Number of protein chains: 2
Amino acid sequence: MTPADRPTRYRRQSDAELSRMEIMEGAALCFEARGFAATSIDEVAARIGSTKGRIYHHYASKSELFLDVYRTGMRLIFEAVEPHIEADLPAFDRLRAMLKAHVLCVLRTKPFQNVVRQGVDMLRHGVMPAREHAELIQLARLRDSYSDHFLTVLEQARAEGAIDYQNIKIALNSVFMCLNGPIVWFTPRDGQTEEEIDLLADECVLYTLRLLGQAAAPSRPLPSPKSHQGEPA
Amino acid sequence: MTPADRPTRYRRQSDAELSRMEIMEGAALCFEARGFAATSIDEVAARIGSTKGRIYHHYASKSELFLDVYRTGMRLIFEAVEPHIEADLPAFDRLRAMLKAHVLCVLRTKPFQNVVRQGVDMLRHGVMPAREHAELIQLARLRDSYSDHFLTVLEQARAEGAIDYQNIKIALNSVFMCLNGPIVWFTPRDGQTEEEIDLLADECVLYTLRLLGQAAAPSRPLPSPKSHQGEPA
DNA sequence: TTGACAACATACTTTGCAGTATGTTCAAGT
DNA sequence: ACTTGAACATACTGCAAAGTATGTTGTCAA
C-alpha cells in the first residue's frame, strides 16, 4: 500500500471522522466473522486496504476500537426505534412499530449488532483491560435502558389486552432472541432488494407478535408499510 | 498442585475416560465464559486444579478439545430428543415433546450447548487449523440432520393444521432462537430446584408454540409431565 | 515558503500462549 | 523386584499479535 494508491490520502482533520467510520466498518465485519479475541488489528487493517499504523493513530487499543463499534451499533438501533417509542398510538401498535424498526435495523447493520451482542455477553466475565471495562458497563446500562422501553410497552400492551405472557423477563428475552435471530442466521445475498428485506422483517415481527399471544387477528396492516406474501429466504 | 493433593492420582487406563470428562467440563465452562479464542489451556487446567500437561496428554490440540466438547454437546441433546422423534403421537404432540426435551437439555447442559453454538458459527469463517476443520464440517452435518428432524415434524404438524408459518426456514430459525435463548440469558441460581427449571422450560415451549401460530388451545397437558403456573425467573 | 501538525506507513519490541520436551510417580503385568 | 507404560507435572521454545517508536508525506495557517 503505497501512498500513490490513494489520490487524496491527506484530507486533514475535517474528515477524520470519515476515516474512523471506515475503520469501524472494517472492524465490525472482522469482529462479526471471527469474534473480538480472534481478530487481529492487522486483519482489520488489511480489510480496508491499510496498515496497523492508521488504526492505532485513531484508537489507543483494540478494546477501544471494539467499544466504538459497540457504541455505534447501539446508537444506530436506538435512533431507528426511538421515533416509535412515544408515538401517539395504542400500545400494541407502538410495540409492533418498535419491533419492525428493530429488526430492520438489525438486518441493515448486522455486523454492528453482532458486535453489540458480543459486548453484552462479554461483560459477564471480565476480559477487558480494567479501564475499558468501565466503558463496557456504561454501554450495558445503555442497552438496559433500551430494552426497558420494550418492557414498558409490553406491560402497556398487556394492560390493553392485546398480548399476553407469564414472566415478563422470560417473555422479553424470548422476544429479543427472536428479533435478533437474523444476526445469527441471516446472510445478505447479492441481488437482494429492499423489499425482500422488508418482507423478511415482517415475518420476524409476525412470529414475535405471535409469541406474545397476540390476540387472534393475524395482521391489521400498519399505516406506512405495505403488506406482502412471499418466500423471503 | 503437588501429587499429594490427589489421593488416587494414578487410576490408570480404565478411568481415562473420567479424566477426559472432567477436562471437558472445565473446558466447556471456560469456552462458555470467554469464548474459544480468548480461552487459554492454562485457564482450563487451572479451573480443574491441574496443569497444561494433563490436558495435552489427552488432547493433541486446543482445537481437538473444543471439538470433543462440541461433539459431546451434540450427543447430549440428541440423546435427550431422539426418543420423542419417532413416538406414535400426532405430529403436534411430538413437536411439543421435542421442544420440551430440547429446552430442558439446554438448561441442564448450558456450557456444552454454548460451545455447540460457537462451533456452528465458527464454521462460516475458516478459523480452524485445516485438519480439525474437516471435523467441524462433520459436526455441522450432524447439527443439520438434527435440525432436520424438527423441520420434518414442523411440516407434519402444519399438515395436521395444528400450526402455521410462512417460510419454514425462517420459522425454524426463530424456533431455535427461542429455544436456545436460555443459552444466552439463563444463569443458574444457587437454590434452584428441578421443578423451577421445568417451569422455565415450559414457558419457553409455550412461547415457541405460540410463535408457530399454535391454533388457539393454550395448553392441553402432555401425558407425563404435570402442568404448573408460577413465576419461574 | 516554511514550520507545524494531522494522517498515515514501516520497522521494531514485547508478551501471552499454544505446543513440546522432559522429568516424575505409581500401577499392573511378568 | 524390575520393567514398562499410562498419567500426569514442570520447564522450555516459538510464534503471532498487541502495542510502540519512528519515518514519511501532504496540507494548511501564518
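Model, not experiment: these values are computed from the prediction. Both backbone and side-chain heavy atoms feed into the values below; hydrogens, waters and symmetry mates do not. A, B, ... follow the sequence lines: proteins, then strands. Residue 1 opens every chain.
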Closest to the B:T51 side chain: D:dA9, D:dC8, C:dA18?
D:dA9
How many whole angstroms separate atom CZ of B:R34 from atom P of C:dG16?
13 Å
In whole Å, I'd like the distance from the CD1 atom of B:I55 to the P atom of D:dT10.
14 Å
Nearest-Å distance, NE2 (A:H58) to C1' (D:dG19)?
17 Å
Rounded to the nearest angstrom, tell me the gap between atom CE in A:M128 and atom P in D:dA18.
13 Å
Presence of salt bridge, A:E22 and A:R54, under 4.0 angstrom:
yes
Yes or no on salt bridge (charged side-chain N to carboxylate O under 4.0 Å, His left out) for B:R20 and B:E25, after CA distance, side-chain angles and deciding distance?
CA-CA 9 Å; B:R20 286 169 69 105; B:E25 280 174 18; over 6 Å; no
Could you tell me how far apart A:E22 (CD) and C:dA7 (C1') are, to the nearest whole angstrom?
13 Å
Between B:S40 and C:dG16, is there a contact of a side-chain N or O with OP1 or OP2 at under 4.0 Å?
no
List in chain and number order the residues that pass ring pair (Phe, Tyr, Trp, His ring centres under 6.0 Å) with B:F31, two or more places apart in sequence or in another chain; answer none if no residue qualifies.
B:F36, B:F66
Picking from D:dC8, C:dA7, D:dA18, the nucleotide nearest the side-chain atoms of B:R54 would be D:dC8
Could you give all pairs that pass the salt bridge (Lys or Arg N to Asp or Glu O under 4.0 Å) test and reach residues 141-151 of chain A, with sequence neighbours left out?
none
Would one find a side-chain N or O of B:S50 under 4.0 angstrom from OP1 or OP2 of D:dC8?
no
Take atom CG of B:L65 and atom P of C:dC17, then tell me their distance rounded to the nearest Å.
16 Å
For the pair made of CG in B:L18 and C1' in D:dC8, what is the distance, rounded to whole Å?
16 Å
Mind listing the N/O atom pairs, protein and nucleotides 19-21 of chain C, below 3.5 Å?
residue : atom : partner : partner atom : Å
C:dG19  : OP2  : B:Y56   : OH           : 3.2
C:dG19  : OP2  : B:K62   : N            : 3.0
C:dG19  : N7   : B:K52   : NZ           : 3.4
C:dG19  : O6   : B:K52   : NZ           : 3.0

Residues two or more places apart in sequence or in another chain: which of them pass ring pair (Phe, Tyr, Trp, His ring centres under 6.0 Å) with B:Y146?
B:H102, B:F150
Which whole-number value in Å describes the distance from A:H57 NE2 to D:dT22 C1'?
14 Å
Partners passing salt bridge (Lys or Arg N to Asp or Glu O under 4.0 Å) against B:E82 (at least two apart in sequence or in another chain)
none
Name every donor-acceptor pair, under 3.5 Å, that has one atom in a side chain of residues 41-49 of chain A and the other anywhere in the protein, sequence neighbours excluded.
residue : atom : partner : partner atom : Å
A:D42   : OD2  : A:K52   : NZ           : 3.4
A:E43   : OE1  : A:S40   : N            : 3.3
A:E43   : OE2  : A:R34   : NE           : 3.3

